[in-house]
Protein chains: 2
Amino acid sequence: MSGTSPTGDELVSLLAALASPHRLRILAAVARQRTYVSELARQLQMNRPLLYMHLQKLEAAGLVTGELVTAPDGSSVKYVQAVPFTVALDLDAIALAAQNLTGSGPGAEQEK
Amino acid sequence: MSGTSPTGDELVSLLAALASPHRLRILAAVARQRTYVSELARQLQMNRPLLYMHLQKLEAAGLVTGELVTAPDGSSVKYVQAVPFTVALDLDAIALAAQNLTGSGPGAEQEK
DNA sequence: GCCCCCTGTCAGGCAAGTCTGACAGGGGAG
DNA sequence: CTCCCCTGTCAGACTTGCCTGACAGGGGGC
């Protein structure tokens, strides 16, 4: 994904995924070190269900990947890892992205 | 603002302001041409009150500036203009921003 | 057996964002 | 006076997101 100019919808999803203090902190923690969910919850002092939700959003946006690892002793642990990316954000990028939003053509369609 | 690495909170606000198809379209339209509110509403085919709200958010985020111009004949028109900016978005920037979110220090505070 | 740690999902409550129609008012043109 | 265009703001409905406690289940160690 790095470097590719995303479509408008992708951009919106990406920004929405990042526009949250919790998710920013999660991403930062995960970028620094590969951890598993419960440990991450303890580290960031947040409820696991909440962390799960945020992780799902980050994963849906393609910003992190989860990997369920089953240790030789049978116990399972889910490791989370950050996915590198780069987006240059400025007026030009936005003007470009706004052109290909689903249903945005000048005379495209006015369905609501 | 261009080039300066924003604080965590500022980043979140900026991303939140941009994470909306409507606001993206507004910004794109305004970046291309300085227009006034009602004209913009017609151009984008959206209700004015709605446009007003989005403009307020964009203005609060410092992405656009409004200027109420009173023509010599007395009629007032509010012109909206885009504010140039640039933000490089990647894992490093996020890790950096996550460090200075209000209430995020490693052993800062655990008020809930 | 009991206790501990892990993963995952659920319903429910609360807060915030989104969108709409309607209103009040200023001013010009016919 | 009537019609039109403009700027603002409001309450209300609706949708979405956020967060919590509680649950079901797998597996290990004592």
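Lettering follows sequence order; numbering is per chain, from 1. These values consider heavy atoms only, across backbone and side chains, with no hydrogens, waters or symmetry-generated copies.
Taking atom CG of L44(B) as the reference point, atom C1' of dC19(C) lies 15 Å away to the nearest angstrom. A straight line from CD of Q45(B) to C1' of dC19(C) spans 16 Å, rounded to a whole angstrom. If you measure from atom CZ of R25(A) to atom P of dC18(D), you get 14 Å, rounded to the nearest angstrom. We find that CG of L50(B) is positioned 17 Å from P of dC14(D), with the value rounded to whole Å. Atom CG of L40(B) is separated from atom C1' of dC5(D) by 16 Å (rounded to the nearest Å). Rounding to whole angstrom units, CG of residue L55(A) and P of dC19(D) are separated by 13 Å. Distance, Q56(B) CD to dC19(C) P: 14 Å, rounded to whole Å. Counting to the nearest Å, the P atom of dG21(C) and the CE atom of M46(B) are 14 Å from each other.
Note on R23(A): every side-chain N or O is 4.0 Å or more away from OP1 and OP2 of dG17(D). Considering only side-chain N and O atoms, H54(B) lies under 4.0 angstrom from the phosphate OP1 or OP2 of dC19(C). Between K78(B) and the phosphate of dC6(D), there is no side-chain N or O to OP1/OP2 separation shorter than 4.0 Å.
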Start with the C-alpha gap between Q81(B) and V64(B), add the side-chain angles, then the distance that decides, and say whether side chain to side chain contact (heavy atoms under 4.5 Å, CB included) holds.
CA-CA 5 Å; Q81(B) 200 172 238; V64(B) 303; over 6 Å; no
Before giving the answer on side chain to side chain contact (heavy atoms under 4.5 Å, CB included), spell out for L89(B) and T86(A) the whole-Å C-alpha distance, their side-chain angles and the decisive distance to 0.1 Å.
CA-CA 6 Å; L89(B) 218 52; T86(A) 301; over 6 Å; no
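Judged by closest nucleotide on DNA chain D, Y36(B) is the one of H22(A) and Y36(B) placed further toward the 5' end. Map M53(A) and E39(B) each onto its nearest nucleotide of DNA chain D; the residue landing nearer the 5' end is E39(B).
Contact check on E67(B) versus R34(B) returns a salt bridge, with a Lys/Arg side-chain nitrogen under 4.0 Å from an Asp/Glu carboxylate oxygen.
Across all their heavy atoms, A98(B) and R25(A) have their closest contact at CB-CA, 4.2 Å.
The listed nucleotides are dT7(C), dT7(D), dG17(D); the one nearest the side chain of Y52(B) is dT7(D). Distances were taken from every side-chain heavy atom of S38(A) (C-beta onward) to each of dT7(D), dC18(D), dT7(C); the shortest belongs to dT7(C).
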Base, backbone or nothing for each nucleotide of nucleotides 21-30 of chain D, written B, S, -, heavy atoms under 4.0 angstrom, 5' to 3'?
BB----SS--
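Proximity of V83(A) to L63(A): side-chain heavy atoms (C-beta onward) are nowhere separated by under 4.5 Å. When side chains are defined from C-beta on, I26(B) counts as touching L40(B), because their heavy atoms get closer than 4.5 Å.
Chaining together hydrophobic side chains whose heavy atoms lie under 4.5 Å apart places Y36(A) alongside V69(A), V77(A), Y79(A).
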